[in-house]
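Notes follow the structure.
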Amino acid sequence: MEEQAKVRVVFRPDGRSAEVNAGTTVLEAARRAGVQIDAVCGGEGKCGRCKVRPSGKFSHQDSPALTDEDRRSGVVLACTALVQGDLEVEVLPRSRLGKHQIVTESVERPPKKARPWVRKRYAELSPPTLTDNTADLERVLNGVGWKGYEVPLETLRELPEAVRAGDWKVTATISNLDDVSGLIRVEPGDTSNTLLGVAVDIGTTTIVVNLVDVLTGEVLGTASDYNKQVSLGEDVIARMMHAEEHGMDELTRLARDTVNACIDTLLRRASAGGSRLTEWDVSAASIAGNTVMTQLLLGVRTDHVRLEPYVPVAHDFPTVRGREVGLLMNPNGSALIFPSRAGYVGGDVVADVLASGMHRSKGPHLLIDVGTNGEMVLGGKDWMATCSCSAGPAFEGGEVSCGMRAMDGAIDRLRVNDDLTTTYHVLGGGRPVGVCGSGLIDLLAELYSKGVIDRKARIQDSGSSRTRSSDEGMEYVIETGDRLAGGTGSDLVVTDADLQNILRTKAAIYGACSVLLRKTDHRAEDLSSIIIAGGFGYHLDIDRAITLGMFPDVPRKRYRFIGNGSVGGARLALLSERSRREMRSVVRKMTYLELSVDNEFYEEFSSSLFIPHTDTSRFPTAEANGPHGGAG
Ligand code: FES
């Protein structure tokens with residue numbers, strides 16, 4: 001067969017390139033070049049987030065996602081543009097996945113004494129002689145005093161050299177997690193004071209890995225990155241659909257590659273200036289992710305999670321060996337996979353609960369984790385109820401024309417001045433590109449308090465040049481085009497349609513919280529604490545979120561932020577036997593409410609499509625501070 005000639009595609013501004021066959025999409029060429037382009041709809045040509053300006057030989061289809069300004073300036077969608085010859089491609093600022101502001105910290109209370117499931121023991125052995133010709137393995141097992149452990153072939157292969165290289169002074173490592181145990185390593189010399197593990201948070205958008213000294217609990221380093229699956233779709237639904245259409249191998253590989261790249265970075269950093277660490281030094285892994293990310297990592301099909309009645313493949317995942325999931329760790333070391341409660345309440349939420357400590361006190365506490373889905377857990381040590389709602393991608397920058405992820409160039413804090421101009425903070429400094437979730441909350445709250453929008457979030461004609469009508473309805477100018485990064489001339493605006501999407505997201509979150517409270521016969525005032533987990537909460541202004549009616553109007557001191565509870569919980573499970581037991585008991589304790597068939601949820605959702613709510617008595621302080629000054 002005649003081989004197809006390759007063409008070269010160079011991406012600007014970073015200069016990376018790839019050689020691809022003619023007919024490849026520009027989006028695919030970008031993936032191969034290692035250039036991250038935002039692709040919220042996974043290449044369906046719908047979201048309009050993958051805008052690029054190519055020069056050279058290409059073909060493309062027009063799309064409603066392109067504006068007249070885009071067409072005039074040669075902008076096309078990377079997912080529908082086909083490479084036809086050598087090409088230079090400028091990725092527009094809003095389409096670049098820049099440096100993400102990933103929340104890697106969490107505030108869990110570490111265990112007083114680390115009790116990992118791996119242990120090391122040092123022994124000085126007598127060398128074999130003609131009168132003592134005990135085999136190497138038995139000699140080591142006798143020396144360290146461990147019997148009855150499975151011995152993987154890899155350990156056996158390393159053994160003869162290890163014992164002799166150490167002149168019969170060796171350190172053995174055993175792993176014993178649930179029913180998976182084994183002698184996973186024998187090293188020359190005394191290495192008993194170095195025993196490492198990784199705690200992993202596999203998020204839909206980002207992945208965070210901690211390298212942990214499991215003897216002391218010290219976090220030796222943190223690495224994070226976009227989940228490389230992002231280029232195949234924004235949310236879990238898009239990923240599952242991709243798996244159904246194209247198979248799941250690529251998704252499994254991309255998640256694993258991201259985790260491994262993080263582990264590799266951590267090992268290299270930790271090796272600098274000391275002895276060289278390898279994947280063999282990583283003896284244990286504790287992994288928390290939502291149900292879909294967990295199943296994709298494990299290579300387990302996800303279509304039953306997507307389709308009614310939305311069931312996960314397992315609540316309790318079996319312990320797996322590093323080798324089985326291809327992780328950069330000792331191939332016989334065990335990886336603990338956090339259990340899932342439901343298709344949309346996964347191990348990341350269980351890890352949030354562990355990190356928050358809410359399962360150890362009476363409460364009731366309300367834990368809220370907002371991403372593309374919102375998950376809530378209500379309760380305490382005696383009972384727990386949980387649910388999830390489809391928050392939509394608005395707070396991750398999807399379905400909002402000015403929206404973007406929390407990365408460099410995003411407005412994350414914003415104030416509307418009396419003359420309706422804005423004052424804002426841009427992540428990473430410099431000029432703004434768009435507005436991320438916390439900035440959108442500020443925007444909505446500020447527009448409401450200045451009377452620019454009404455209770456239904458409809459833009460009013462203010463008489464200022466900042467509000468104007470367009471073909472698509474009213475819009476508010478957040479910033480003029482000349483003050484934006486890469487100034488294309490277009491203003492940064494928020495439209496009526498954008499505001500409705502943000503309003504729906506806040507209504508889904510509050511509606512879900514209200515249903516949990518109602519079904520368990522509680523009121524917001526009864527809550528001992530409200531725990532906000534996850535990256536979105538990290539940048540959030542609680543007062544403004546309450547002003548909008550997104551979170552319950554209770555004294556602000558009851559609010560608590562735990563940051564990335566998912567990696568925090570994973571760390572606890574890595575270090576503490578008690579936390580591992582609690583992890584399983586939390587899942588058993590949770591009663592799951594399926595909101596998609598719950599009429600009460602729809603009532604609450606509809607009532608929440610107002611600022612702050614149709615029942616303003618639920619938001620006394622928000623009303624007192626809002627533009628209506630308590631007038632209702
Ligand atoms: S329009 Fe190209 S990825 Fe959505």
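Values below: all heavy atoms of this structure, side chains included; hydrogens, waters and symmetry mates excluded. Numbering of ligands and ligand atoms starts at 1, following listing order.
- The pair Asp68-Arg72 does not meet the salt-bridge criterion, since no charged nitrogen lies less than 4.0 angstrom from a carboxylate oxygen.
- Within 4.0 Å of ligand 1, contacts by protein heavy atoms are made from Ala39, Cys41, Gly43, Gly45, Lys46, Cys47, Gly48, Cys50, Cys79.
- In summary, the side chains of Ser566 and Asp201 do present a donor paired with an acceptor at a separation below 3.5 Å, with no hydrogens or angles considered.
- For the pair Arg455 and Tyr448, the minimum side-chain heavy-atom distance is below 4.5 Å.
- The aromatic rings of Tyr602 and Phe605 sit perpendicular to each other, their planes meeting at more than 60°, with 30° as the lower class boundary.
- At a threshold of 4.5 Å between non-hydrogen side-chain atoms, the residues Gln460 and Met474 do not count as touching.
- Side-chain contact between Val76 and Lys51 is absent, with no heavy atoms from C-beta onward closer than 4.5 Å.
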